Amino acid sequence: MHRRLIVPSALAASLLLAIPASAADYSPGAPGIGDPYYPASGNGGYDVSHYDLRLTYQPATDLLEGTATIIATTTQDLSRFNLDLGLRASEVRVNGKKARFTATGDHELEVTPAAPLAKNRAISVVVRYAGKPSELKIGGWTAWHRTPDGGVAAQEPDSAVWWFPSNDHPLDKATFDVSVSVPDGTQAISNGVLTSQSSRLGWTRFNWRSDKPQATYLATLAVGKFDITTDKTDKGLPVLNAYSRDLGGNAGAARASIERTAEVAEWLEEVFGPYPFNALGGYVPNVTSGYALETQTRPFYSPRQFANGANVSVVVHELAHQWYGDSVSVDGWKDIWINEGFARYSQWLWSEKEGEGTAQELADYVYAQHPADDPFWTVKPGDPGPDKQFDLAVYDRGALALQALRNEIGDEDFFAVLKGWPAEHAYGNARVADFVKYAERVSGKPLAGLFDTWLYDPSRPAAPAAAAAQARTARSQAVAPTAPAAKPAQPKSWKKIAATNTIHDHDHGHGHGH
């Protein structure tokens, strides 16, 4: 809270007069952004617009050295502020001047600038830092995957602290330039477009640009030896897919899935509207995890996603997130349904398109799998709590809510909602309540009761979807509708969709996941 002005006494008075507020008006930025699920996530007092990361990574030793330049605007009169960083900082400058700094907690870097920072001012922060990400554990878990030929940063809800300083919460999105130098023969992959690469003295530098707002957990870094395929869509969008050269028996299935990325994206544009970013792709590093993650423009896939053969459904899920989760991000982590419920429902729509089971048939089947006493129904997708944030119910019950909405408002309004929502909130943040209001506005119907039933009531709803299925079954069997209905048949797509359930198992003890 203390600021130190080291100036000759004769100049002190005049310099102090230039400061618009008294010393007492300056206060530290909060060490968290205010998310009740994760109080330590993010920081207060400033808003980042751009990250410029210049990195050097040595795969043999896992040593990462970085210089991060952060462009931000103050949102209060600041005496000091925090960044989220787990690696060790060696120097911090604010507006070109050396700043005092200290590491606190698991991943907080407290920065005290040479002079206090007035509200609504543009600032630059340069942090020099280094460390071995694989040695950093927070709460016993890590977002960094060490691979035989390098390392990968991909995790939710946190991954940035393992490789760059940031305001680590989806509320503070920014554009990114990521420049990475690695030994010749090794590639560095990140988000967006590869703008250039060059080699010098045994090292190759890769320069990546993600030019639309991006949440920090959606930034990714993968260093290793990859086979890379490149192409362009009909609209000229660059497509870059990368596969570790050591995927073993999963290599063919991985390629047979990821190489359909452009096709899936074209179909999703029909459902959700124009693709929101400057690049497409995916990557499959040689990691032992089982999950996938919607890292912006270039989703991360674990090889185990393809252990039972090609699975385009997981590609559908991760690409759907480019609209629902990446372009429109959560306001707080309790709003996870507007990410996961929609990504799961997109898998149901793909099944419908492919003739492998309609969304209604999948809804009937999911409903039938969970009797009234199943704990599945006690999870509230609209506010599941941090321990249940990536529970299966957020996905499947979350998708049931969308099918109930579709049945209530009809296909015309339903698909207008699916396409209009990402346009209305493009590159921003939103809450579940915002979606409810939007659906009411488009459909002209009161929907709060429907969403309360499907997203917040901790019990099994008397499902319209299931009732409709019972009536159809009764008619087909020419028996009274009150007769016990036969269990819905398993849709053909079910096994492929269910195989993606592991995408939300992020292999650590905090219940975080995809």
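A quick note: this is a predicted structure, and the numbers were derived from the prediction, not measured.
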Step by step, work out the side chain to side chain contact (heavy atoms under 4.5 Å, CB included) result for Ile336 and Glu156.
CA-CA 11 Å; Ile336 192 66; Glu156 183 183 16; 4.0 Å; yes
Evaluate side-chain hydrogen bond (donor to acceptor under 3.5 Å, both in side chains) for Asn207 paired with Ser179, printing each intermediate quantity in order.
CA-CA 4 Å; Asn207 297 303; Ser179 176; 2.6 Å; yes
Please report the shortest heavy-atom distance between Tyr217 and Asp168, naming the atom on each side.
N-OD1, 4.2 Å
Will you find, in the side chains of Asp326 and Gln296, an N or O donor that is under 3.5 Å from an N or O acceptor?
no
Do you know the tightest heavy-atom contact between Ala40 and His107?
O-CE1, 3.6 Å
Would you please test Leu109 and Tyr129 for side chain to side chain contact (heavy atoms under 4.5 Å, CB included) and show each step?
CA-CA 11 Å; Leu109 184 68; Tyr129 61 99; over 6 Å; no
Just do the side chain to side chain contact (heavy atoms under 4.5 Å, CB included) check on Ile409 and Val442 with the steps written out, would you?
CA-CA 9 Å; Ile409 68 176; Val442 171; over 6 Å; no
Tell me whether the count of non-hydrogen atoms from other residues, nucleotides or ligands lying under 6.0 Å of CZ in Arg128 goes above 12.
no
Please determine whether the number of non-hydrogen atoms from other residues, nucleotides or ligands lying under 6.0 Å from atom NZ of Lys232 exceeds 12.
no
Between Ser134 and Asp62, is there a side-chain donor-acceptor contact under 3.5 Å, judged purely by atom types and distance?
yes
Does Trp323 form a ring pair (Phe, Tyr, Trp, His ring centres under 6.0 Å) with Phe272? I'd like the steps, not just the answer.
CA-CA 7 Å; Trp323 287 261; Phe272 296 147; 5.8 Å; yes
Does some side-chain heavy atom of Ser190 sit less than 4.5 Å from a side-chain heavy atom of Val180?
no
CZ of Arg406 to CD of Gln403, rounded to nearest 0.5 Å, is 5.5 Å
Between Tyr283 and Thr220, does any side-chain donor sit less than 3.5 Å from a side-chain acceptor?
yes
Please evaluate residues Tyr324 and Tyr345 with respect to the criterion ring pair (Phe, Tyr, Trp, His ring centres under 6.0 Å), reporting the C-alpha separation (whole Å), side-chain torsions for both, the decisive distance (0.1 Å), and the verdict.
CA-CA 11 Å; Tyr324 283 83; Tyr345 194 76; over 10 Å; no
Just so I know, are the side chains of Lys173 and Asn429 near enough to count as touching, which here means a heavy-atom distance under 4.5 Å?
yes
Sidechain N-carboxylate O distance under 4.0 Å for Arg431, Asp434:
yes
Under a 4.5 Å cut-off applied to non-hydrogen side-chain atoms, are Lys97 and Asn95 in contact?
no
Does the side chain of His145 come within less than 4.5 Å of Ser289's, by heavy atoms?
yes
Classify the ring geometry of His425 against Trp421: parallel below 30°, tilted from 30° to 60°, perpendicular beyond 60°.
tilted
Quick check against the 3.5 Å criterion: does Thr74 have a side-chain atom that pairs as donor or acceptor with the backbone of Asn120?
yes
Student check: side-chain heavy atoms of Thr142 and Gln155 closer than 4.5 Å
no
Quick check on Lys334: does its NZ atom have over 12 non-hydrogen neighbours (other residues, nucleotides or ligands) under 6.0 Å away?
yes
Given side chains that start at C-beta, do those of Tyr51 and Val178 come closer than 4.5 Å, heavy atoms only?
no
For Thr204 and Gln197, which heavy atoms make the closest approach, and how far apart are they?
CG2-NE2, 4.2 Å
Looking only at heavy atoms, which two atoms of Thr295 and Phe300 are closest? And how far apart?
OG1-N, 3.2 Å
Taking Thr500 as the fixed residue, which of Gln305, Glu318, Gln347 is the one that meets the side chain to side chain donor-acceptor pair (under 3.5 Å) rule?
Gln347
Does this structure show an ion pair linking Arg209 with Asp177, if we count only N-O contacts that are shorter than 4.0 Å?
yes
Tell me, do His169 and Trp333 make a side-chain contact under 4.5 Å, heavy atoms counted?
yes
Is the Phe277 ring parallel, tilted or perpendicular to the Tyr275 ring (thresholds 30°, 60°)?
perpendicular
Any side-chain heavy-atom pair of Leu194 and Trp208 under 4.5 Å:
yes
Give the minimum heavy-atom separation between Gln322 and Pro299, together with the two atoms involved.
NE2-CG, 3.8 Å
If you count every heavy atom of other residues, nucleotides or ligands that lies below 6.0 Å from Arg205 atom CZ, does the total exceed 12?
yes
Atom of Ile228, atom of Ile189 and distance for their closest heavy-atom approach
CD1-CD1, 4.5 Å
For the pair Tyr291 and His317, evaluate ring pair (Phe, Tyr, Trp, His ring centres under 6.0 Å) and give the outcome as yes or no after the intermediate values.
CA-CA 12 Å; Tyr291 64 92; His317 185 107; over 10 Å; no
Between Trp337 and Phe451, what is the ring plane arrangement, given parallel below 30°, perpendicular above 60°, and tilted in between?
perpendicular
Please tell me whether Glu266 and Thr233 have a donor and an acceptor in their side chains that are separated by less than 3.5 angstrom.
no
Can you tell me how the ring of Trp141 sits relative to the ring of Trp162, calling it parallel under 30°, perpendicular over 60° and tilted otherwise?
tilted
Measuring from atom CG of Leu405 to atom CG of Leu447, what distance do you get when rounded to the nearest 0.5 angstrom?
6.0 Å
Decide side chain to side chain contact (heavy atoms under 4.5 Å, CB included) for Phe226 and Asn241; before the verdict, give the C-alpha distance in whole Å, the side-chain angles of both, and the deciding distance to 0.1 Å.
CA-CA 9 Å; Phe226 294 94; Asn241 299 319; over 6 Å; no
